[in-house]
J.: 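Here it is, the structure, as structure tokens.
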Amino acid sequence: MSDLTMWLEATGALAGAGGIGYAKRRAPRVYWSTVGLPLTWGRFTWSYRSTMDVCGLTVQPSGLRAFMTRNLSRREVRPVPPKVRRIRPTSTGLRVTLRLPAGLEPADVATSSERLRHAFGVQSVTVAETKPGFVELRMTGYDVLRRVRLPRSAQPSGLRVPVALREDGTVFERDYRAVPMALTLGATLSGKSVYQRNLVKGLAKLRVGLIGIDCKRGVEHSRYAPRLSALATDPEMAGRLIDALVLEMSERFDLLALHEVSDVWDLPAKLRPVPLVVLIDEVAELFFVTSKKDEAARDRTVMQLVRLGQMARAVGIYLEVCGQRFGSDLGKGATALRAQLTGRVVHRVNDKQTAEMGLGDIAPDAVMAATSIRADRPGVAVAGDTSGGWSRIRTPETSPAEAAAVCQEFAHLTPELPFLAPFRPPAQQVVPPMPTVPPLIAPQP
């Protein structure tokens, strides 16, 4: 009986260990809630003071505090770490609010985030300033970017579209009211097209006008035709479309001046023109020319695009520019256009210079993160803006057919804009299957 009991206990222990290992790989949320969270919380509580000391996140106490410690408490005066104000568990990690002592700033804690990640044994640690003197350590217990699923509550609304998941488990949203112009970079098979599909999928559900500029003969944007108010498929057509947008911008400014407001959102709802989102795929095609005579048209198109980037936000016209590379090497006006694109999303790139083009001027410390994205992680990117903040994100897998189906479902939301009538894409037609070609050599019996 004793041997049977020992055998059962050993079998139960092995089954429990196997179940924990299975949950850690296949159900990481369950593993984190049952095993990972208690272990991490205990490790953090036990080693907090020593970890902060080793990471250089302590300061000498004030004179009064040192006097009280030395003479009343009869203890050795030790450096003071940030005071823990709150610990809040989440389904993906741990949130810790710290009160910074005099002499420390949020940048000091952010610089040590990688050391804190290893010390506390978590997947990632990001630092966010909540208010003056307070920061929040956002620890992620497992790799939330391994299998990306946006929460059901993440739905597009207003001009805000959830497109990806951050490494701290929060949703990354493309908010056109906060970040009106953006640049997305990425090499072939980096997931840049998947990011665009998620963006179009969300925008298609909103009351906005979508304008596509795809100089690769429309191979990417043509499938979204039911939801597009305009589509340009070559540089010449794109130039005419951009000219029409600049003219519309001028007319909208006249409307603002007539009502003595400076922003389209200050107009009454019944007078407010529909917001327009211009999706530009492979922007380099607008810069390249094959002959000297085409340079004048190219320069005009680029300068008109720069004008949109500079002023169109106030009248509800927003730019979403995508490409593999983007910088001064493209030609005249490229740097001026890039300076107007506030939001930056950089996927895996082929060289460090491309990452510097996208992030070097706004978040220099994010360049290294962009160059370390693995090839087997399509959709992973580094998102930053001119505030200097950045985070790793990953978009959920979305097929072209799925994005096209959403555009077809919400085609009734496509606004009828007379100035875009010459550029309205034709209704999508069903492409017949390719005929079966008989083999040149008959198969052997």
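Residue numbers count from 1 along this sequence.
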J.: Check for a donor-acceptor pair, side chain of Asn198 on one end and backbone N or O of Pro396 on the other, with a separation under 3.5 Å.
T.: yes

J.: Mark yes or no for whether Arg99, through its side chain, and Arg85, through its backbone, hold a donor-acceptor pair below 3.5 Å.
T.: no

J.: For residues Thr354 and Arg325, is any side-chain donor paired with an opposing acceptor at under 3.5 Å?
T.: yes

J.: Only distances under 3.5 Å count here; give the side-chain donor-acceptor pairs of residues 263-270 to other protein atoms, sequence neighbours excluded, each with its distance to 0.1 Å.
T.:
from	atom 1	to	atom 2	distance (Å)
Asp263	OD1	Trp265	N	2.8
Asp263	OD2	Arg313	NH1	2.9
Trp265	NE1	Tyr318	OH	3.2

J.: Does some side-chain heavy atom of Leu94 sit less than 4.5 Å from a side-chain heavy atom of Pro89?
T.: yes

J.: Without swapping roles, check the side chain of Arg298 against the backbone of Phe287 for a donor-acceptor pair under 3.5 Å.
T.: yes

J.: Any salt bridge linking Asp376 with Arg374? Criterion: basic side-chain nitrogen under 4.0 Å from a carboxylate oxygen.
T.: yes

J.: What heavy-atom pair brings Pro82 and Pro101 nearest, and what distance separates the two atoms?
T.: CA-CD, 3.7 Å

J.: Judged by modelled atom types alone, do Gln304 and Arg307 share a side-chain donor-acceptor pair under 3.5 Å?
T.: yes

J.: Whether Glu285 and Lys216 form a salt bridge (side-chain N of Lys/Arg under 4.0 Å from carboxylate O of Asp/Glu) is what I want to check.
T.: no

J.: Which residues pass the side chain to side chain donor-acceptor pair (under 3.5 Å) test with Arg252, sequence neighbours left out?
T.: Glu248

J.: With sequence neighbours left out, what residues match Arg174 under side chain to side chain donor-acceptor pair (under 3.5 Å)?
T.: Glu320

J.: Using a 4.5 Å cut-off on heavy atoms from C-beta on, say whether the side chain of Val208 contacts that of Arg227.
T.: yes

J.: Distance-only, no hydrogens or angles: does the Arg197 side chain make a donor-acceptor pair with backbone N or O of Lys192 under 3.5 Å?
T.: no

J.: Which pair of non-hydrogen atoms, one from Gly209 and one from Ser229, has the smallest distance, and what is that distance?
T.: CA-OG, 4.0 Å

J.: By side chain to side chain donor-acceptor pair (under 3.5 Å), which residues pair with Asp143, not counting sequence neighbours?
T.: Arg377

J.: Taking only residues at least two apart or on different chains, which pairs with a member in residues 110-155 satisfy ring-ring contact (aromatic ring centres under 6.0 Å, His included)?
T.: Phe44-Phe120

J.: Can you list every pair that meets ring-ring contact (aromatic ring centres under 6.0 Å, His included) and has a residue in residues 332-371, with sequence neighbours left out?
T.: Tyr195-His347

